[in-house]
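In what follows, a structure is listed as structure tokens, so that the remarks can point back to it.
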2 protein chains.
Amino acid sequence: MVNNSQSLDAVFGALADPTRRAILMQLADRPMWVTELAEPFDISLPAASKHIRVLARAGLLRQTKVGRNRKCEIVADALGDAQAWINQVEIFWSERLNALDKFLNDDTQKGNQP
Amino acid sequence: MVNNSQSLDAVFGALADPTRRAILMQLADRPMWVTELAEPFDISLPAASKHIRVLARAGLLRQTKVGRNRKCEIVADALGDAQAWINQVEIFWSERLNALDKFLNDDTQKGNQP
DNA sequence: GATATACTTAACCAAATGGTTAATAATTCG
DNA sequence: CGAATTATTAACCATTTGGTTAAGTATATC
């Protein structure tokens, strides 16, 4: 798991498109060919190819050449980066739920917080 | 939790920008004013205001007017949508790890899968 | 009431995104 | 070899995105 800002940009950016999310969801079940992946969508093959490249660059899938075909497989690790970031936010947030405690123990409280 | 495709577009899209992720991470600790949120970043206030609007439209934060200020608070629910989607992918994927089982039990196996 | 403060909205711009069709590359099949 | 299949790359286009500065709005303060 890398979890630097650039890779999170790429991962979340890749997941922001419904076609790419659907592609990834398909791959979660089994490896698939490019044509096979593109088939359910009403877009050209080059458009699908681009989506796949975006997912690959974000580290969310891996392509391997098999004859004249390309086998696409999901790489679950990159999703873990996104998950870890979200979890971090939620941990911070749940800690803040003890805000009253913090308030009562904070002598330097200046009263200018929202 | 809504978890429709459009709202996931908005949530993942909002999280795809490093400034917006940093804003959200700040808000995870405590509610903050717009100016206060914008201060750490080397961008104009209107730019920050736009980022905040993107986060708000994605349902990731809520703004309430307090005098001439705007208090920004994180809304953790929307993050749950993203988390749920990622979890779903990972569940599908972990089920597929039993692929050998599936293969052995599948009479209709045609052998044309990658 | 005049002025400062805290924003948002408007208008604009460059770069990125998501789509297209046409061309190219690599492999298989007749 | 020649033709079909499976992609990718190139060139192009419209829209969205992330930034700017300038103007507007609402509230607080002198």
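Each chain gets a letter, A, B and so on, in the order the sequences are listed, and its residues count up from 1.
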Does the [X] side chain pair with the main chain of [Y], one donor and one acceptor, at a distance under 3.5 Å?
| X | Y | value |
| --- | --- | --- |
| R20(A) | L15(A) | no |
| R53(B) | A48(B) | no |
| S94(B) | E90(B) | yes |
| R62(B) | K71(B) | no |

Among the nucleotides [options], which one has an atom lying closest to any side-chain atom of [X]?
| X | options | result |
| --- | --- | --- |
| R68(B) | dT20(C), dT20(D), dT5(C) | dT5(C) |
| R53(B) | dT9(C), dA7(D), dT20(D) | dT9(C) |
| V34(A) | dG19(D), dG18(C), dT8(D) | dT8(D) |
| R70(B) | dT8(D), dC7(C), dG19(C) | dC7(C) |
| L45(B) | dT9(D), dT8(C), dT20(C) | dT8(C) |
| W33(B) | dC7(C), dT27(C), dT20(C) | dC7(C) |

Verify the contact: side-chain N or O of [X] to OP1 or OP2 of [N], cut-off strictly under 4.0 Å; return yes or no.
| X | N | value |
| --- | --- | --- |
| Q63(B) | dT8(C) | yes |
| S49(A) | dA7(D) | no |
| K65(B) | dT8(C) | no |
| H51(A) | dG19(C) | yes |
| S44(A) | dT20(C) | yes |

[X] [atom1] to [N] [atom2]: how many Å, rounded?
| X | N | atom1 | atom2 | answer |
| --- | --- | --- | --- | --- |
| D17(A) | dT15(D) | CG | C1' | 14 Å |
| K71(A) | dT27(C) | NZ | C1' | 18 Å |
| D9(A) | dT17(C) | CG | P | 10 Å |
| R20(B) | dT17(D) | CZ | P | 9 Å |
| L55(B) | dG18(D) | CG | P | 10 Å |
| Q6(B) | dT16(D) | CD | P | 13 Å |
| L37(B) | dT8(C) | CG | C1' | 15 Å |
| F41(A) | dG18(C) | CZ | P | 14 Å |

- Message: Please compare I43(A) and N69(A) by the position of their nearest nucleotide in DNA chain C and report the one closer to 5'.
- Response: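 Per heavy-atom nearest nucleotide, the more 5' residue is I43(A).
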- Starting at the 5' end of DNA chain C, which residue's closest nucleotide do you reach first, T35(B) or K50(B)?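 Final value for this comparison: T35(B).
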- Query: Is the closest basic N to carboxylate O distance between R30(A) and E36(A) below 4.0 Å?
  - Reply: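 Counted as a salt bridge, because a side-chain N and a carboxylate O are separated by less than 4.0 Å.
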- Item | Trace of the side chain to side chain contact (heavy atoms under 4.5 Å, CB included) decision for D81(A) with W85(A) | CA-CA 6 Å; D81(A) 291 1; W85(A) 187 89; over 6 Å; no
- Query: Which sits closer to the 5' end of DNA chain D, P46(B) or G67(B), going by the nucleotide each is nearest to?
  - Reply: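 Final value for this comparison: P46(B).
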